Amino acid sequence: MIRYRKILEMHFNGISQRTISTSVGNSRNTVSSIIKKAESLGLVDLSDTHTDQWLGGFLFPEKQAVEKGYFPPDWEDVHKELQKKNVTLKLLHLEYTDRARNGGKIPYAYRTFAEKYGQYAKKYKATMPIRRKPGEIMEVDWAGSTLVITDRAAGENLRCISLWRHCRIVNIAMWKRSLI
């Protein structure tokens, strides 16, 4: 990602383009084109409202996804849909491509769609790191649909899962009436 604000701040402080390119990790050609474009548009100072995203749109509007004809997804809607049972990012991408093509726009490829959603979802950071020794505890994630089998003799429900163990699949029936 190009850090437009950092590049322009360093340029306005009189730092050489070679040093700027080394500092921000972009090529000298990229730094030079940003500085030339800012000077041609009359940008001589930065305010607090000039974020990297704003500067990218201001300096290079032709590089914005909407300008290229891509259909912009509603990331808030995608995030809410993913919280529902049996909904995957792949399924939402298929729905998104249908909507985009019906609207005459170009949809993002799945890889780009997944990367952009990942960038959006970083602000939620729904992770739970658990500190323990490897192999100490096995946890089972009951996300999605599971197979429920009724034991006719006992009249109880069994919840089935599949585990990958030693190059074969082992089906295990769990006695968990409280989870069903």
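What's counted below: heavy atoms across the whole structure, side chains too, no hydrogens, waters or symmetry copies. Nothing here was measured: the structure is a model prediction, and the numbers come from that model.
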With side-chain contact (heavy atoms from CB on, under 4.5 Å) as the criterion, how do Thr19 and Ser16 come out once you've worked through the C-alpha distance, each side chain's angles and the decisive distance to 0.1 Å?
CA-CA 5 Å; Thr19 306; Ser16 71; 2.8 Å; yes
How long is the span from the [atom1] atom in [X] to the [atom2] atom in [Y], to the nearest 0.5 Å?
{"X": "Leu82", "Y": "Thr88", "atom1": "CG", "atom2": "OG1", "answer": "7.5 Å"}
{"X": "Asp48", "Y": "Leu46", "atom1": "CG", "atom2": "CG", "answer": "9.5 Å"}
{"X": "Lys80", "Y": "Leu92", "atom1": "NZ", "atom2": "CG", "answer": "13.5 Å"}
{"X": "Asn26", "Y": "Ile7", "atom1": "CG", "atom2": "CD1", "answer": "5.0 Å"}
{"X": "Asp74", "Y": "Glu81", "atom1": "CG", "atom2": "CD", "answer": "10.0 Å"}
{"X": "Lys36", "Y": "Leu41", "atom1": "NZ", "atom2": "CG", "answer": "14.0 Å"}

Distance-only polar pair, side chains of Thr30 and Ser27, donor-acceptor under 3.5 Å:
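Ser27 and Thr30 do have a side-chain donor-acceptor pair below 3.5 Å.
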Within the side chain of Arg5, is there an N or O that forms a donor-acceptor pair under 3.5 Å with the backbone of His50?
yes
Would you say Ser40's side chain and Lys37's backbone share a donor-acceptor pair under 3.5 angstrom?
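Present.
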Answer yes or no: does atom CZ of Arg28 have more than 12 heavy-atom neighbours from other residues, nucleotides or ligands under 6.0 Å?
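Result for CZ/Arg28: open.
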Do Arg101 and Pro107 have side chains that approach each other closer than 4.5 Å (heavy atoms only, starting at C-beta)?
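Yes, close enough: below the 4.5 Å cut-off.
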If you define the side chain from C-beta out and look only at heavy atoms, does anything of Val24 sit under 4.5 Å from Ile2?
no
Verdict with reasoning, Gln53 to Tyr4, per side-chain hydrogen bond (donor to acceptor under 3.5 Å, both in side chains)
CA-CA 8 Å; Gln53 186 176 3; Tyr4 297 100; over 6 Å; no
Ring pair (Phe, Tyr, Trp, His ring centres under 6.0 Å) partner of His93, chosen from Phe71, Tyr108, Tyr110
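It is Tyr110, the one option of Phe71, Tyr108, Tyr110 that forms the ring pair (Phe, Tyr, Trp, His ring centres under 6.0 Å) with His93.
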I need the single residue from Trp75, Phe113, Tyr70, Tyr117 that forms a ring pair (Phe, Tyr, Trp, His ring centres under 6.0 Å) with Tyr96. Which is it?
Phe113
Lys6/Glu9 ion pair, N-O < 4.0 Å
no
side-chain contact (heavy atoms from CB on, under 4.5 Å), that's the test. Do Leu89 and Val78 meet it? Break it down for me.
CA-CA 8 Å; Leu89 196 59; Val78 170; 4.1 Å; yes
Give the C-alpha distance, both sets of side-chain angles, the deciding distance and a yes or no for side-chain contact (heavy atoms from CB on, under 4.5 Å) between Leu59 and Leu8.
CA-CA 11 Å; Leu59 296 173; Leu8 292 174; 4.3 Å; yes
Please evaluate residues Glu39 and His11 with respect to the criterion side-chain contact (heavy atoms from CB on, under 4.5 Å), reporting the C-alpha separation (whole Å), side-chain torsions for both, the decisive distance (0.1 Å), and the verdict.
CA-CA 11 Å; Glu39 289 172 351; His11 173 70; 3.3 Å; yes
